[in-house]
Protein chains: 2
Amino acid sequence: MNGFGSAFLVAQVGAHAAQRFTERIGELDLTPAQVGLLRLVATRPGQSQQALAKQLGTPATRLVPLVDGLEKRGLIERRRNAEDRRLYALELTAKGRELMVGVARTAQAHDRAITAALTDDERATLHELLKRIADEQGLTPGVHPGYARP
Amino acid sequence: MNGFGSAFLVAQVGAHAAQRFTERIGELDLTPAQVGLLRLVATRPGQSQQALAKQLGTPATRLVPLVDGLEKRGLIERRRNAEDRRLYALELTAKGRELMVGVARTAQAHDRAITAALTDDERATLHELLKRIADEQGLTPGVHPGYARP
DNA sequence: TATTGTTATACTCTATAACTATA
DNA sequence: TATAGTTATAGAGTATAACAATA
């Protein structure tokens with residue numbers, strides 16, 4: 001064994017990045033799972049909780065407390081679907097959309113911090129290589145497999 | 001938002017790689033945490049549990065059941081330190097060393113599978129860029145921050 | 001009868017702190 | 001008294017399955 005393989009390195013750096021992101025986003029009083037949900041509702045509003053759960057690859061029961069918390073803080077809204085009243089249609093509130101600006105800013109700062117060791121060219125190269133791996137491995141853009149923990 | 005930043009991509013691909021590794025290593029009836037400990041004991045034998053816990057960044061209490069399991073399977077050995085009998089000195093058994101060969105094979109296959117989308121040159125580039133990030137971020141070689149879960 | 005959302009229960013896992021033994 | 005290892009306890013978090021409302 002020379003050192004550690006690329007797969008281990010990706011996992012190591014990835015876990016570190018996730019940890020740091022958790023800290024940063026915690027300053028906005030959010031968890032990564034909440035950010036993931038907010039991001040999904042922001043880009044594709046009006047979906048039911050079941051649909052969202054499927055896209056996130058998480059059991060539907062976990063969305064309930066997640067949505068509860070965001071709703072209580074006035075970031076997200078449960079609208080009843082008039083056509084099928086079993087379904088909710090989740091939407092961001094104005095306050096929620098406002099918060100997403102801060103989330104985007106945080107994500108950008110996080111990105112720069114993690115890749116601080118690289119030049120712009122190298123950053124682009126890294127991004128491209130990782131994107132190729134992600135595609136080949138069948139990963140859904142924007143969905144973190146380790147959504148699990150709060 | 002154009003797409004997703006490199007930091008997110010690393011975290012996403014990293015979590016996926018960790019997940020796949022967990023599955024693979026499960027075929028040897030091992031968890032990632034066990035592999036991490038075995039690897040550490042293999043490279044630096046004779047250390048106490050406290051010392052190992054410190055290097056893994058985990059509370060010492062978590063090492064107890066971890067070592068218990070490996071000891072029961074005859075992979076690891078708790079030797080009493082003659083000079084200070086409070087301390088154990090952890091060593092791999094012959095069976096443990098044998099198993100590590102299989103672990104190394106598994107890790108290599110895993111590595112190739114994860115980076116299947118890349119050429120050899122690209123693989124090397126990815127490895128170098130990630131290594132630079134890992135060093136700059138102060139990560140300890142071979143230690144996974146997300147050691148947590150079994 | 002099937003489906004959406006919710007609740008309840010059981011289970012896993014972790015960590016804090018108390019305990020034993022050696023020093 | 002201080003440290004290594006262990007055990008016990010309590011807490012957080014998840015998921016499986018039962019439940020209510022609507023279709």
Side-chain angles (χ1 to χ4, degrees), chain A residues 15 18-19 22 25-26 29-37 40-41 44-72 76-91 143-150, chain B residues 15 18-19 22-23 26 29-37 40-41 44-72 76-91 143-150:
Chain A
Q19 232 174 34
T22 302
I25 212 70
D29 199 22
L30 289 173
T31 66
Q34 288 176 322
V35 172
L37 177 58
L40 205 49
V41 174
R44 305 177 62 184
Q47 294 191 98
S48 72
Q49 293 184 186
Q50 297 270 352
L52 291 165
K54 205 168 190 179
Q55 290 161 57
L56 291 170
T58 185
T61 49
R62 263 181 55 191
L63 251 70
V64 177
L66 209 58
V67 174
D68 282 353
L70 297 173
E71 195 184 29
K72 267 173 204 148
I76 221 174
E77 207 178 348
R78 277 177 166 120
R79 293 195 192 152
R80 275 290 173 196
N81 186 325
E83 292 169 4
D84 185 340
R85 285 196 313 220
R86 292 174 304 183
L87 285 74
Y88 281 127
L90 297 192
E91 314 265 358
V143 175
H144 199 292
Y147 250 126
R149 304 151 262 319
Chain B
Q19 231 173 34
T22 302
E23 291 168 17
D29 199 22
L30 290 173
T31 65
Q34 287 175 324
V35 172
L37 177 57
L40 205 50
V41 174
R44 305 176 62 182
Q47 295 191 98
S48 73
Q49 294 186 185
Q50 297 269 351
L52 291 165
K54 205 167 190 178
Q55 290 161 58
L56 291 171
T58 186
T61 50
R62 264 181 53 192
L63 251 69
V64 177
L66 209 58
V67 174
D68 282 352
L70 297 174
E71 194 183 31
K72 267 173 204 149
I76 221 174
E77 207 179 347
R78 278 178 166 120
R79 292 195 193 151
R80 275 289 174 198
N81 186 325
E83 292 170 3
D84 185 339
R85 285 196 312 221
R86 292 173 304 183
L87 285 72
Y88 281 127
L90 297 191
E91 314 265 357
V143 175
H144 198 291
Y147 251 126
R149 305 151 259 323

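Per chain, numbering begins at 1; letters A, B, ... match sequence-line order. We use all heavy atoms of the structure for the numbers below, so side chains are in, but hydrogens, waters and symmetry mates are not.
- Listed nucleotides: D:dA15, C:dG5, D:dA4. Nearest to the side chain of A:Leu87: C:dG5.
- A:Leu70 pairs by the side-chain contact (heavy atoms from CB on, under 4.5 Å) definition with A:Leu30, A:Gln34, A:Leu37, A:Leu38, A:Leu75, A:Ile76, not counting sequence neighbours.
- The CD-P distance, from A:Glu71 to C:dG5, rounds to 13 Å in whole Å.
- Taking the side-chain contact (heavy atoms from CB on, under 4.5 Å) definition, one finds that B:Gln50 meets it with B:Ser48, B:Ala60, sequence neighbours left out.
- Distance from the side chain of B:Val64 is smallest for D:dT6 among the nucleotides D:dT14, D:dT6, C:dT4.
- Remark: P of D:dA4 and CG of B:Leu52 are 12 Å apart, rounded to the nearest angstrom.
- Looking at residues two or more places apart in sequence or on another chain, you find a side-chain contact (heavy atoms from CB on, under 4.5 Å) between A:Arg44 and A:Gln47, A:Gln55.
- Rounded to a whole Å, the CD atom of A:Gln49 is 13 Å from the C1' atom of C:dT3.
- Spacing between atom CZ of B:Arg80 and atom C1' of D:dT3 amounts to 13 Å, rounded to whole angstrom units.
- Look at CG on A:Leu63: it is 19 Å from P on C:dT3, rounded to the nearest Å.
- Backbone-only contact: A:Arg78 has heavy atoms under 4.0 Å from sugar-phosphate atoms and none from a base.
- The distance from atom CD of B:Gln47 to atom P of D:dA4 is 13 Å, rounded to the nearest whole Å.
- Qualifying side-chain contact (heavy atoms from CB on, under 4.5 Å) partners for B:Glu77, counting only residues two or more places apart in sequence or in other chains: B:Arg79, B:Thr93.
- The distance from atom CG of A:Leu66 to atom P of D:dA12 is 18 Å, rounded to the nearest whole Å.
- Within 4.0 Å (heavy atoms only), A:Gln50 reaches at least one base atom of the nucleic acid.
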Would you list the protein and nucleotides 16-23 of chain D atom pairs, both N or O, that sit under 3.5 Å from each other?
{"residue": "D:dA23", "atom": "OP1", "partner": "A:Arg85", "partner atom": "N", "Å": "2.9"}

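- For B:Glu23, the salt bridge (Lys or Arg N to Asp or Glu O under 4.0 Å) criterion is met by B:Arg20, not counting sequence neighbours.
- With A:Tyr88 as the partner, the side-chain hydrogen bond (donor to acceptor under 3.5 Å, both in side chains) test is satisfied by one option alone out of A:Gln49, A:Arg78, A:Arg80: A:Arg80.
- For the pair B:Tyr88 OH and D:dT3 C1', the interatomic distance rounds to 15 Å; values are reported in whole Å.
- Residue A:Arg85 qualifies as open at atom CZ: its count of foreign heavy atoms under 6.0 Å is 12 or below.
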